[in-house]
Amino acid sequence: MKKILVLAFVSLLVSPAWAEHAYISFDEEGNAVISGPFNAIIPKPDEQAQLAGPVNTESKLGDESLKSSIAAYYGTDSNQFLTIQVETTDGGVGTLTDSNMPKITLAGQEFSAYQTCTEINQDELNQTDNRLYKFMDDAGVQLVPGLYFIMLYLTNDEGTAEAIVRYSRNAPQGCSSVTDKEIEQFNAKFEAYVQHAMEINQ
């Protein structure tokens, strides 16, 4: 059974350059095809979903060389966003790990995951070096004044590659306005999507 790629974006305060590698591509139906350190299909969420990317970058973090591919789907209302990222490092075996991340169960399978809501103001967005936020902003996704999200994270057995799927939604009145019911509905929608992805990859 192919591994489902679900994870979080690691913000790198560096200047990326265009790269020749490509870990993510879209097929004719708009599904994201993952290759390289992982092999899986991340299905297009729905017929109306818009595609962004893929963008392939290379960057340096200390002595490490990092290669990353990022792609995404966003809703027609520009308030929902599903980001897929695959990243590799030459930092050696065990450099990347999800062992200390919280665990959640979705669709009967355990994942390393993280969920929160982040306040974002326009000045911070204009000045940020966060590649994910810039990627989302360029796609026209509404990030200000807040963004709540859940992200699932997977590493390969060698600890040299990670895959991340992050499902986000804008909080139009800020994080304090997000209700428990909204979070429950948000999580249920993502779990149904994960279940669908798992069935495709069996």
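When reading the values below, keep in mind they use all heavy atoms of this one structure, side chains included, and skip hydrogens, waters and symmetry mates.
At a cut-off of 3.5 Å, with distance as the only test, no side-chain donor of Glu191 or Asn187 sits close to an acceptor on the other residue. Side-chain atoms of Glu162 and Thr155 form no donor-acceptor pair, as typed in the model, at a separation below 3.5 Å.
Under a hydrophobic clustering in which Ile, Leu, Val, Met, Phe, Trp and Tyr are joined whenever their side-chain heavy atoms come within less than 4.5 Å, directly or via other members, Met198 and Val33 fall into different clusters.
In this structure, NZ in Lys60 is found 3.0 Å from OG in Ser65, a value given to the nearest 0.5 Å. To the nearest 0.5 Å, atoms NZ (Lys103) and CD (Glu110) are separated by 6.0 Å. Atom CD of Glu158 and atom OG1 of Thr95 lie 11.5 Å apart (nearest 0.5 Å). Separating the CE atom in Met136 from the CD1 atom in Ile120 is a distance of 7.5 Å, to the nearest 0.5 Å. Atoms CG and CD1, from Asn31 and Ile42 in turn, are 9.5 Å apart once rounded to the nearest 0.5 Å. The distance from atom CG of Leu143 to atom CG of Asn121, rounded to the nearest 0.5 Å, is 11.5 Å.
Within 6.0 Å of atom CD in Glu184, 12 or fewer heavy atoms from other residues, nucleotides or ligands are found, so the atom counts as exposed in its surroundings. Heavy-atom neighbours of Glu47 CD from other residues, nucleotides or ligands within 6.0 Å: at or below the threshold of 12. Within 6.0 Å of atom CG in Asp63, 12 or fewer heavy atoms from other residues, nucleotides or ligands are found, so the atom counts as exposed in its surroundings.
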Exercise. Given Asn126 and Gln122, is the side chain to side chain donor-acceptor pair (under 3.5 Å) satisfied, shown in steps?
Worked result: CA-CA 6 Å; Asn126 293 340; Gln122 191 61 51; 2.9 Å; yes

Exercise. Hey, mind stepping through Ser68 and Tyr23 against side chain to side chain donor-acceptor pair (under 3.5 Å) and telling me if it holds?
Worked result: CA-CA 8 Å; Ser68 177; Tyr23 299 139; over 6 Å; no

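A ring-centre distance under 6.0 Å is found for Phe186 and Tyr167. Phe26 and Tyr73 have their aromatic ring centers within a separation under 6.0 angstrom.
Put simply, the side chain of Leu132 reaches to within 4.5 Å of the side chain of Ile70, judged on heavy atoms. When side chains are defined from C-beta on, Leu147 counts as touching Arg166, because their heavy atoms get closer than 4.5 Å. Contact check for Gln142 versus Val144: side-chain heavy atoms found under the 4.5 Å cut-off. For the pair Pro37 and Val86, the minimum side-chain heavy-atom distance is below 4.5 Å. Between Val141 and Tyr133 there is no side-chain heavy-atom pair separated by less than 4.5 Å. Looking only at side-chain heavy atoms (C-beta outward), Cys117 and Phe149 stay at 4.5 Å or farther from each other. For the pair Thr116/Thr118, a side-chain contact is recorded, criterion being any heavy-atom separation below 4.5 Å from C-beta on.
Of the possible polar contacts, none joining the Lys44 side chain to the Ala32 backbone as a donor-acceptor pair under 3.5 Å is found. For Asp98 (side chain) and Ser112 (main-chain N/O), no donor-acceptor pair under 3.5 Å exists by modelled atom type.
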Got a list of side-chain donor-acceptor pairs under 3.5 Å for residues 173-181, not counting sequence neighbours?
residue, atom, partner, partner atom, Å
Ser177, OG, Gly174, O, 2.7
Thr179, OG1, Glu182, N, 3.1
Thr179, OG1, Glu182, OE1, 3.4

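A pairwise comparison of heavy atoms in Tyr148 and Ile183 identifies CD1-CD1, 3.6 Å as the closest pair.
Among residue pairs with one or both ends in residues 42-65, none qualify as ring-ring contact (aromatic ring centres under 6.0 Å, His included); sequence neighbours excluded.
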